[in-house]
Participant: 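To start, I am sharing the structure in question, which I have written as C-alpha cells.
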Protein chains: 2
Amino acid sequence: MLEKSHKHITCSTCAGRKSSLLGSLCQDEVDHMNDHKACNYYKKHQSLFLEGSFPRGVFCINEGMVKIFQRGDEGKEQIIHIAKSGEMVGFRSMFSEIPYKVTAETLEESNICFIGKDDFLNMMDSNPVLRNGIIKELSRELADRADFITNMAQKSVRERLAFTLIILLDIYEKEPINLSREDLANFVGTATETLIRLLKDFKEEGIIEVHTRKISIINKEKLFSIAGK
Amino acid sequence: MLEKSHKHITCSTCAGRKSSLLGSLCQDEVDHMNDHKACNYYKKHQSLFLEGSFPRGVFCINEGMVKIFQRGDEGKEQIIHIAKSGEMVGFRSMFSEIPYKVTAETLEESNICFIGKDDFLNMMDSNPVLRNGIIKELSRELADRADFITNMAQKSVRERLAFTLIILLDIYEKEPINLSREDLANFVGTATETLIRLLKDFKEEGIIEVHTRKISIINKEKLFSIAGK
DNA sequence: TGGAAAAAATGACCAAAATCATATTTCAAA
DNA sequence: TTTGAAATATGATTTTGGTCATTTTTTCCA
C-alpha cells in the first residue's frame, strides 16, 4: 500500500530516478530539485492534466502507473502510452508550447512529483547530459509512434492485440497485466467486445491465462509470431 | 526545371532555410555549414536513406519533395510524413542513435544538401536557439503523431481521406496535389481501390476536382466537416 | 455483507472496407 | 507515333470487425 499522505518523497533516494532521464543529475541539482518540487498522492482514475490545458511543468512518477490518451470525436479514448515508475510525463507538450493534446490519468494509486517549468528548463540549460537524453528520448518516441501508426494502418486487430500485450509485458514486467477490458481495447484501437472475443481466443490457444481481469502471458513466442516481427 | 548538375547550393541564399530550423544561424555558422555540406541532385523516386541503415547526418531539402514511410510486413508502405523545401529529414533517427525505422524517398526531382552528424551536433551544442527549436519541433511532431494514431484507430477511411487532403493542401499550398493513387492510399492507410472510389465520391460531391492524377481542393470547408474538428 | 452498479462476456446482425478479377486510361520509351 | 507497361478505374464478393441487445460476473460501498 502506498503512502497516502502528501509526505515528501526524497529525490536522492527515489528508485525510479536513477534509471530515468534524471539519472544524470549531480547532487546539487538533485538537492535543488528536491527543494523545489511538489509531491502528491493520486488515487486511481485521477488526472494529472487534461487535453486542451496549458503545461506548467513536468510530472515524475515515483510509484504508480499513468495512461496517456486522446479522446476521439465520439469520446472514445485512444491510449497512446502507459507510463510507470521512473518515467516523466507532460514534458513533450511543455516543449512544444502548445496546449496538451493528450490527457494523463492514473491507472492505480500513485505517488507523483511535480517540477515547475522554469526549474526544469533551467536544469536543461545547465545540464547537457539531461538535454541530450531528452532529445534522444523524444526521437525514440517518434520512432515508436511511426511503428504504432503502421501497425494501426496495416495489421489486424488480432495482430495488434498480440503487439500490445508484448508492450504491456514490458511495462508490467513480472506482474500480470491489470487493465480494464475497455482500456485494453482503447490501447489496441478496437471495440471492447472484439477485444474480449480475441482474449478468449488467446486463452483457448494457451497464449495467455486470465484471472478475473488480470492477464498473464504464458507463451511469449507465439505472441511474437502473431504480432509479426 | 531544376538544376541537374551537382552544383553547389549557397546556404545564405537558400529560400527554405530562413523559415526553417536553421533560420537562427548567424553568418559564421551559415558559412561554416556552407563549406562543409554536400549538395546533391536527386531524380524522382531516389532514396535518401533506407529503413535499417545507420544515420550519418541530416538532409536539408532545398527544393523538392520527399516521402517518409515505413514498410509493413507485406511490403505495403505506410507514409508517415511528406517533407518539402526548407525541411530537414533524418535528424530524428540521428538523435535516437538507433537505425532508421523509416525510408526517405523523393517524390519528384529535388536538390538536397547533406550535413554530417558531427557538424550538425556541434552546431547544436553552440547554438541554444537551434537546440530549443529542435526540441520544440520533435515535441510538436509527437503531438501530431498522437493525432495520427487516434485518427487511424477511430475514423473511417472517408474521414481520414478528408483529413489527409487537408494536410496535403498545406504541403502543396497553391499547387494541385500531385501524388500517385497508391501513395495517397498509403498515406491514408487504406487499399488503393478504396481510395479511388472515395476520390470519385468527393469529386461527385464537388469537394475536389481531378485532372488525371492531380487533385485540386474546391470546397475546403466541407473537407473540414468530413474530417471532423 | 447485501445489493446496486459497473464491468465482462456472449450472441445476432450489419456495415465498412479489403480482396480479387478485369477493364480502361495514361505515360514513357523505342 | 506506336506499343507495352504501369497506373487508374470499376465490379463482384468476402471478410473483418463494429454495433446493439442481453446475460452473467465482479466490484464497490452503504
Side-chain angles (χ1 to χ4, degrees), chain A residues 1 43-46 67 72-79 107-109 150-164 176-204 208-215 226 228, chain B residues 1 43-45 67 72-78 107-109 150-164 176-204 208-215 226 228:
Chain A
M1 191 55 81
K43 286 183 290 193
K44 204 174 179 173
H45 302 311
Q46 272 195 295
K67 68 173 170 179
D73 294 343
E74 262 83 281
K76 187 178 164 68
E77 296 177 6
Q78 176 59 45
I79 297 182
L107 286 168
E108 51 184 50
E109 49 173 6
T150 304
N151 277 346
M152 277 301 183
Q154 300 193 1
K155 299 210 182 203
S156 66
V157 177
R158 183 180 156 89
E159 291 168 319
R160 271 163 23 220
L161 173 57
F163 188 85
T164 304
I177 296 163
N178 185 15
L179 272 182
S180 72
R181 298 293 176 261
E182 193 179 357
D183 278 339
L184 195 44
N186 290 342
F187 202 3
V188 174
T190 188
T192 308
E193 296 93 323
T194 303
L195 178 111
I196 288 168
R197 284 180 244 267
L198 285 168
L199 277 184
K200 195 185 171 195
D201 292 348
F202 280 11
K203 202 164 61 183
E204 284 168 3
I208 60 171
E209 214 165 60
V210 179
H211 294 102
T212 61
R213 63 145 40 185
K214 292 183 183 174
I215 299 167
I226 292 168
Chain B
M1 189 58 83
K43 287 182 291 192
K44 204 174 178 173
H45 302 311
K67 67 172 169 180
D73 294 345
E74 261 83 280
K76 186 177 165 70
E77 297 177 5
Q78 176 59 44
L107 285 168
E108 50 183 52
E109 51 174 2
T150 305
N151 277 345
M152 277 300 184
Q154 302 193 0
K155 299 209 181 205
S156 67
V157 177
R158 182 180 156 90
E159 290 168 319
R160 274 170 12 228
L161 173 56
F163 188 86
T164 304
I177 295 163
N178 186 15
L179 273 181
S180 73
R181 297 294 176 262
E182 193 179 357
D183 278 339
L184 196 43
N186 290 342
F187 202 2
V188 174
T190 187
T192 307
E193 296 93 323
T194 303
L195 178 110
I196 287 169
R197 283 181 245 268
L198 285 168
L199 277 184
K200 195 186 169 192
D201 291 349
F202 280 11
K203 203 164 61 182
E204 283 168 3
I208 60 171
E209 213 164 61
V210 179
H211 292 103
T212 61
R213 64 147 36 187
K214 292 184 185 174
I215 299 167
I226 293 169

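Letters A, B, ... mirror the listed sequences (proteins, then strands); counts begin at 1. What you see below is based on every heavy atom in this structure, not just the backbone, and it leaves out hydrogens, waters and symmetry mates.
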Participant: Starting from P on C:dA17, measure out to CD on A:Q154 and report it in whole angstrom.
Facilitator: 16 Å
Participant: What are the residues of residues 177-188 of chain A, sorted by number, that bring a heavy atom to within less than 4.0 Å of DNA chain C?
Facilitator: A:S180, A:R181, A:E182
Participant: So, B:E209 side chain and B:K203 main chain: donor-acceptor pair closer than 3.5 Å or not?
Facilitator: no
Participant: Which distance, rounded to the nearest 0.5 Å, do you find between the CG of B:L198 and the OG of B:S156?
Facilitator: 8.0 Å
Participant: Could you tell me how far apart B:K76 (NZ) and C:dA17 (C1') are, to the nearest whole angstrom?
Facilitator: 12 Å
Participant: If I take atom CG from residue B:N151 and atom CG from residue A:D73, how far apart are they, to the nearest 0.5 angstrom?
Facilitator: 8.0 Å
Participant: So, does A:R160 use its side chain to make a donor-acceptor pair with the main chain of A:V188 at under 3.5 Å?
Facilitator: yes
Participant: Should B:V210 and B:L199 be marked as a side-chain contact (heavy atoms from CB on, under 4.5 Å) after you check the CA-CA gap, both sets of side-chain angles, and the distance that decides it?
Facilitator: CA-CA 9 Å; B:V210 179; B:L199 277 184; 5.5 Å; no
Participant: Who passes side chain to side chain donor-acceptor pair (under 3.5 Å) against B:R213, sequence neighbours left out?
Facilitator: B:N178
Participant: At what distance, to the nearest 0.5 angstrom, does CD of A:Q46 lie from CD of A:E108?
Facilitator: 13.5 Å
Participant: For B:K155 and B:I226: C-alpha separation, side-chain torsions, deciding distance, then whether side-chain contact (heavy atoms from CB on, under 4.5 Å) applies.
Facilitator: CA-CA 10 Å; B:K155 299 209 181 205; B:I226 293 169; over 6 Å; no
Participant: Taking atom CD of B:E182 as the centre, does the number of heavy atoms from other residues, nucleotides or ligands within less than 6.0 Å exceed 12?
Facilitator: no
Participant: How many whole angstroms separate atom CD1 of B:I196 from atom P of C:dA18?
Facilitator: 13 Å
Participant: My understanding is that only residues two or more places apart in sequence, or in another chain, count here; which of them pass salt bridge (charged side-chain N to carboxylate O under 4.0 Å, His left out) with B:E77?
Facilitator: B:K67, B:R71
Participant: For nucleotides 25-30 of chain D, list the nitrogen or oxygen atoms of the protein found under 3.5 Å from its nitrogen or oxygen atoms, one pair per line.
Facilitator:
none

Participant: Does any N or O in the side chain of A:Q78 come within less than 3.5 Å of the main-chain N or O of B:Q154, such that one atom is a donor and the other an acceptor?
Facilitator: no
Participant: How far does the helix from C:dT1-D:dA30 to C:dA30-D:dT1 bend, going by the axes of its first and last five pairs, to the nearest 10°?
Facilitator: 50°
Participant: Carefully, step by step, assess A:I215 and A:R181 under the rule side-chain contact (heavy atoms from CB on, under 4.5 Å).
Facilitator: CA-CA 10 Å; A:I215 299 167; A:R181 298 293 176 261; 3.9 Å; yes
Participant: Within this structure, what is the OG1-CZ distance for the pair A:T192 and A:R197, rounded to the nearest 0.5 Å?
Facilitator: 10.5 Å
Participant: Do nucleotides 14-24 of chain D as a string where each nucleotide becomes B, S or -: B if the base has a protein heavy atom under 4.0 Å, S if just the sugar-phosphate does, - if no protein is that close.
Facilitator: ---SBBB----
